[in-house]
Amino acid sequence: MTLRDLKPGQQGVVTAIRTAGSMKRRIMDMGITPGVEILVIKVAPLGDPVEVNVRGYELSLRKEEAQQIEMK
Amino acid sequence: MSMTIALAGNPNCGKTTLFNELTGSKQHVGNWPGVTVDKKDGIYKKNKEVVILDLPGTYSLSPYSAEEIVARDYLVKDRPDAVIDIVDGTSIERNLYLSLQIMETRVPMVIALNMMDEVEARGDRIDCAKLSEELGVPVVPIVARSGKGLKELMDTVIEVAGKRRESEQARWFDEELKDVIDAVADLLDGRDPDEKWWKALKLVEKDEVAAAALDPARMASVKELVAVADKNADGDAEAKIADARYQYIGKVVKNCVRKAHKGHVETKSDKLDKILTNRILALPIFAAVMYLMFACTFSENFLFVEGLPSPGVWLAGIVEEVWGLLAETVVSVVENMGASEWAAGLVASCLDGIGAVAGFLPLVLVLFLLLSFLEDSGYMARVAFVMDRIFRHFGLSGRSFIPMLMGFGCSVPALMASRTLESDKDRKITMMITPFMSCGAKLPIYAMFAATLFADANQTAIVFSVYMLGIVVAILSALILNKFAFKSDTSNFIMELPQYRVPTLKSVLIHAWEKVKGFAVKAGTVIFASTVLIWFLSSFNFNGMCDMEDSLLASVGNAIKWIFAPLGWADWRASVGVVTGWIAKENIVATFGQLFGGVSDEMVEAVMAGEEALPAIGEVFNQVSAYSYMAFNLLCMPCFAAVGAIRREMGSWKWTLRAVGFQMLTAYVVALLINVVGNVIF
């Protein structure tokens with residue numbers, strides 16, 4: 001399962017980040033590291049990106065980016 | 001003893017507010033060399049010996065954005081006497097990630113724990129003494145907005161400044177990582193052990209910028225060491241490093257922060273956000289906000305009231321009137337003093353040049369009061385959130401919408417609004433294409449051609465189609481520039497959505513004032529010089545003063561008209577029109593009025609409004625070449641004021657010339673296509 005599969009209101013724990021390079025670094029810099037809890041808040045009005053809560057703040061990312069984040 | 005204190009911190013952590021509180025109005029804004037990133041410095045209000053430098057807001061010291069590179073180069077290479085790291089207490093975990101990275105540079109530092117009022121309002125507690133003890137860095141609680149705690153903060157900073165921090169190993173890395181970093185550091189040259197250690201850490205993180213600075217032979221040895229580190233870290237030392245930092249932060253936060261509620265708590269900001277980015281309401285609210293912003297700045301029938309000027313137009317009108325009166329008086333005084341015709345002309349053109357700059361200031365002021373409000377309130381991030389779906393297809397950010405929309409009013413404030421974009425690449429592309437949005441000053445050109453050559457056709461449709469052409473060309477240009485000119489940059493949309501906050505009046509005013517001042521000084525010289533130059537070319541030939549028909553400019557027009565033959569208008573008057581259009585696009589109509597039979601000023605006004613035709617231009621233009629000419633002037637170099645704004649925002653002549661070159665080329669190609677295809681069809 002990836003972060004993309006979570007619906008607003010659902011919560012999960014990050015297990016791995018699949019992508020590499022600058023995208024991976026950026027994801028990790030923003031606090032999405034293995035073991036962290038993520039709560040999906042909402043989806044943007046046009047269907048993408050999504051808004052999540054991680055480490056006590058709100059972060060937005062595109063669905064294709066969310067798909068790189070493995071959850072359990 | 002003078003010292004330099006750098007401010008570092010995440011975006012939206014209150015860094016700018018703190019900077020404004022510390023320096024007051026004594027600040028200087030420029031660009032970091034080569035990038036479109038603000039460089040701000042100022043003098044500490046209470047001690048003139050202390051220079052405060054505001055580093056760009058970043059989430060980390062990775063080498064992936066212009067902001068991050070600027071910030072880390074400054075910290076590592078220029079070594080300020082001390083750093084104030086501003087940490088937003090309401091999202092302390094993410095903020096401390098940057099703090100740890102700054103600690104890794106071993107620059108003397110103090111953590112300013114900001115937004116303590118909001119932390120308390122939530123009922124949370126942060127034990128600053130404990131935090132300071134755990135991190136080994138002084139921590140001072142502050143509320144930047146109200147100035148609370150700033151005295152203690154500055155006293156602490158001045159205390160630690162210049163004092164070498166003991167080179168304690170970064171506690172958050174395990175022995176294995178530390179050993180690898182030390183081994184890599186041993187391979188490097190350099191006297192400063194702190195800098196070597198930091199570079200080694202970056203190399204283990206597979207930092208591309210650090211790797212590029214190393215010679216290939218040594219890089220090979222480094223790679224071997226990093227490969228071992230990777231193996232020990234389940235294949236990815238870089239991830240292990242980031243993880244180690246967050247693990248450590250998690251531990252520290254657990255010991256020092258007591259939350260009133262467990263889990264996610266809905267704040268007032270969250271409730272507001274539910275409305276503002278609601279599935280159904282978001283787009284209408286967005287449209288209303290954008291309309292209001294555009295109308296406040298540019299509308300002549302504000303809020304749909306006929307003849308009621310918006311604040312921007314009203315102020316611009318006053319400036320224009322006062323300046324006109326002043327200029328008139330000065331010129332008549334000069335003439336009465338018995339000055340020659342050319343001297344009076346020179347004075348008048350200089351005054352026009354300054355007037356051209358002054359006339360834009362109200363628009364810049366009003367737009368930036370509004371933009372700063374949107375930015376500081378947190379709504380700007382939601383603009384990107386809402387619009388991203390559309391703009392990503394063009395390789396742009398949702399925030400590009402604002403400069404492009406404002407471009408329909410006037411390119412000058414629109415170009416300056418590109419500063420709100422997040423990435424250097426997006427800013428540059430947006431600046432290159434914003435002038436393709438047809439500004440208000442270009443409308444009179446279309447009105448003239450529509451009334452004269454398209455009298456039988458649907459004139460509204462013709463004018464509308466030119467506007468659409470601009471939008472289509474802008475989108476295609478964005479795609480092309482993204483694919484070919486900026487291909488190395490990858491874009492992502494991993495962005496913080498900050499809490500909504502009521503902006504402070506002081507911040508909004510200072511920001512708007514900075515923009516006005518920056519435009520007047522940096523762009524002003526470009527505008528002034530070029531206005532006077534064109535006046536000279538159009539009023540002189542080698543025998544002295546003359547009419548425009550006999551001027552140097554007319555000779556130039558004659559000499560270059562062949563260039564435009566493929567576009568369908570190889571006429572010197574058309575070429576001269578293009579040049580005078582660079583002073584202000586609507587000048588083309590006045591120039592044609594003069595060159596095609598010398599019509600009166602009233603007539604020119606009527607032609608501009610599309611009420612009268614200018615039949616004489618039919619000698620040169622047919623419908624196809626008229627359309628080609630409109631397209632060319634829509635897309636070619638914008639007026640000098642806009643070029644000045646590009647120069648100010650790009651921060652370099654090289655990029656300014658690239659932008660103008662791109663616009664000229666685009667204009668030529670599009671006009672050529674119109675002429676060729678048009679002649680085949682019609």
Side-chain angles (χ1 to χ4, degrees), chain A residues 2-4 6-72, chain B residues 58-65 68 88 90-95 97-98 101 205-208 236 238-239 241-243 245-247 249-250 253 259 263-264 269-270 273-274 277-283 286 381-382 384-390 392 489-490 492-499:
Chain A
T2 70
L3 180 58
R4 187 181 182 147
L6 293 186
K7 303 254 158 357
Q10 291 184 333
Q11 199 162 340
V13 175
V14 176
T15 55
I17 294 147
R18 260 190 285 180
T19 172
S22 70
M23 168 104 76
K24 175 168 190 176
R25 172 64 74 83
R26 175 84 172 159
I27 289 174
M28 299 191 72
D29 281 349
M30 297 306 281
I32 300 180
T33 54
V36 78
E37 261 189 17
I38 299 184
L39 165 70
V40 177
I41 309 269
K42 68 160 107 57
V43 178
L46 298 173
D48 199 7
V50 290
E51 176 179 345
V52 302
N53 183 289
V54 56
R55 294 187 190 273
Y57 78 100
E58 265 78 50
L59 182 75
S60 86
L61 67 177
R62 289 178 184 154
K63 283 185 168 166
E64 57 179 280
E65 289 150 1
Q67 202 169 0
Q68 309 298 324
I69 300 165
E70 299 259 15
M71 309 284 291
K72 68 168 186 226
Chain B
T58 62
Y59 295 105
S60 106
L61 297 181
S62 307
Y64 295 115
S65 74
E68 288 167 344
D88 175 355
T90 63
S91 56
I92 189 164
E93 277 188 59
R94 195 205 58 228
N95 276 256
Y97 186 75
L98 177 69
Q101 293 198 334
E205 281 186 284
K206 299 190 192 72
D207 183 305
E208 285 146 26
D236 196 346
E238 185 188 349
I241 289 173
D243 194 41
R245 291 187 189 120
Y246 269 116
Q247 295 265 0
I249 292 167
V253 167
K259 294 225 178 219
H264 181 63
S269 166
D270 295 335
D273 195 55
K274 271 197 173 154
T277 59
N278 175 285
R279 218 159 234 284
I280 296 149
L281 293 176
L283 290 174
F286 173 74
R382 273 75 185 185
F385 182 68
V386 170
M387 298 306 285
D388 176 67
R389 183 75 198 253
I390 299 171
R392 84 169 68 157
D489 290 295
T490 49
N492 62 48
F493 191 78
I494 304 165
M495 183 186 76
E496 181 188 6
L497 294 172
Q499 296 275 303

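All chains are named by letter (A, B, ...) in the order of the sequence lines, taking the proteins before the strands, and each is independently numbered beginning at 1.
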Report the C-alpha separation of A/Glu58 and B/Asp273 in whole Å, then their side-chain angles, then the decisive distance to 0.1 Å, and conclude whether the side chain to side chain contact (heavy atoms under 4.5 Å, CB included) test is met. CA-CA 11 Å; A/Glu58 265 78 50; B/Asp273 195 55; over 6 Å; no

Segment of [X] engaging chain A (4.5 angstrom heavy-atom cut-off):
X: B/Tyr97; value: side chain
X: B/Ser269; value: neither
X: B/Ala384; value: neither

Supply the atom-to-atom distance [X] [atom1] to [Y] [atom2], rounded to the nearest 0.5 angstrom.
X: A/Leu46; Y: B/Ile390; atom1: CG; atom2: CD1; result: 5.0 Å
X: B/Arg392; Y: A/Asp48; atom1: CZ; atom2: CG; result: 4.0 Å
X: A/Lys42; Y: B/Asn278; atom1: NZ; atom2: CG; result: 9.0 Å
X: A/Arg25; Y: B/Asp207; atom1: CZ; atom2: CG; result: 6.5 Å
X: B/Met495; Y: A/Met30; atom1: CE; atom2: CE; result: 9.0 Å
X: A/Lys24; Y: B/Ser62; atom1: NZ; atom2: OG; result: 13.0 Å

Determine all donor-acceptor pairs shorter than 3.5 Å in which one atom belongs to a side chain in residues 31-40 of chain A; sequence neighbours excluded.
{"unit_1": "A/Thr33", "atom_1": "OG1", "unit_2": "A/Arg55", "atom_2": "NH2", "d": "2.8"}
{"unit_1": "A/Glu37", "atom_1": "OE1", "unit_2": "A/Gln11", "atom_2": "NE2", "d": "2.6"}

Select one option (side chain, backbone, both, neither) describing which atoms of A/Ile41 are under 4.5 Å from chain B's heavy atoms.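 Answer is side chain: those atoms of A/Ile41 sit under 4.5 Å from chain B.
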
Identify which part of A/Asn53 has an atom lying under 4.5 Å from any heavy atom of chain B, answering side chain, backbone, both or neither.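 Answer is side chain: those atoms of A/Asn53 sit under 4.5 Å from chain B.
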
Looking at side-chain heavy atoms only, is the closest gap between A/Arg26 and B/Tyr59 below 4.5 Å?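 Yes, close enough: below the 4.5 Å cut-off.
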
Is any side-chain heavy atom of A/Val54 closer than 4.5 Å to one of B/Glu93?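 With C-beta onward as the side chain, the pair stays apart.
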
Of all residues at least two apart in sequence or in a different chain, which pass the ring-ring contact (aromatic ring centres under 6.0 Å, His included) check with B/Phe286?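 Scan of B/Phe286 (ring-ring contact (aromatic ring centres under 6.0 Å, His included), adjacent residues dropped) gives B/Phe401.
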
In terms of heavy-atom pairs under 4.5 Å with chain A, which of [options] leads?
options: B/Ile249, B/Leu283, B/Asp236, B/Leu281; value: B/Asp236
options: B/Arg94, B/Glu238, B/Gln247; value: B/Arg94
options: B/Glu205, B/Lys259, B/Glu208; value: B/Glu205

So which atom in B/Ala242 and which in A/Met28 form the shortest heavy-atom distance, rounded to 0.1 Å?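 Answer, listing the atom of B/Ala242 first, then A/Met28: CB-CE, 3.7 Å.
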
Can you name the nearest heavy-atom pair linking A/Gly56 to B/Ser91, along with the distance?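 Taking A/Gly56 first and B/Ser91 second, the nearest heavy atoms are O-CB, 4.3 Å.
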
Flag the one option from A/Leu61, A/Val43, A/Leu59 with the top tally of heavy-atom pairs under 4.5 Å to chain B.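 If we count pairs closer than 4.5 Å to chain B, A/Leu59 comes out on top.
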
May I ask you to name which of A/Ala66, A/Ser60, A/Ala44, A/Ala20 has the most heavy-atom pairs under 4.5 Å with chain B?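 Looking at each option in turn, the highest pair count goes to A/Ser60.
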
Is a donor on one side and an acceptor on the other found under 3.5 Å between the side chain of A/Glu65 and the backbone of B/Phe493?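 It does hold such a pair.
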
Please confirm whether the backbone N or O of A/Asp29 pairs with a side-chain atom of B/Tyr246, one donor and one acceptor, at under 3.5 Å?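 It does hold such a pair.
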
Taking it one step at a time, do B/Arg389 and A/Arg62 satisfy side chain to side chain contact (heavy atoms under 4.5 Å, CB included)? CA-CA 9 Å; B/Arg389 183 75 198 253; A/Arg62 289 178 184 154; over 6 Å; no

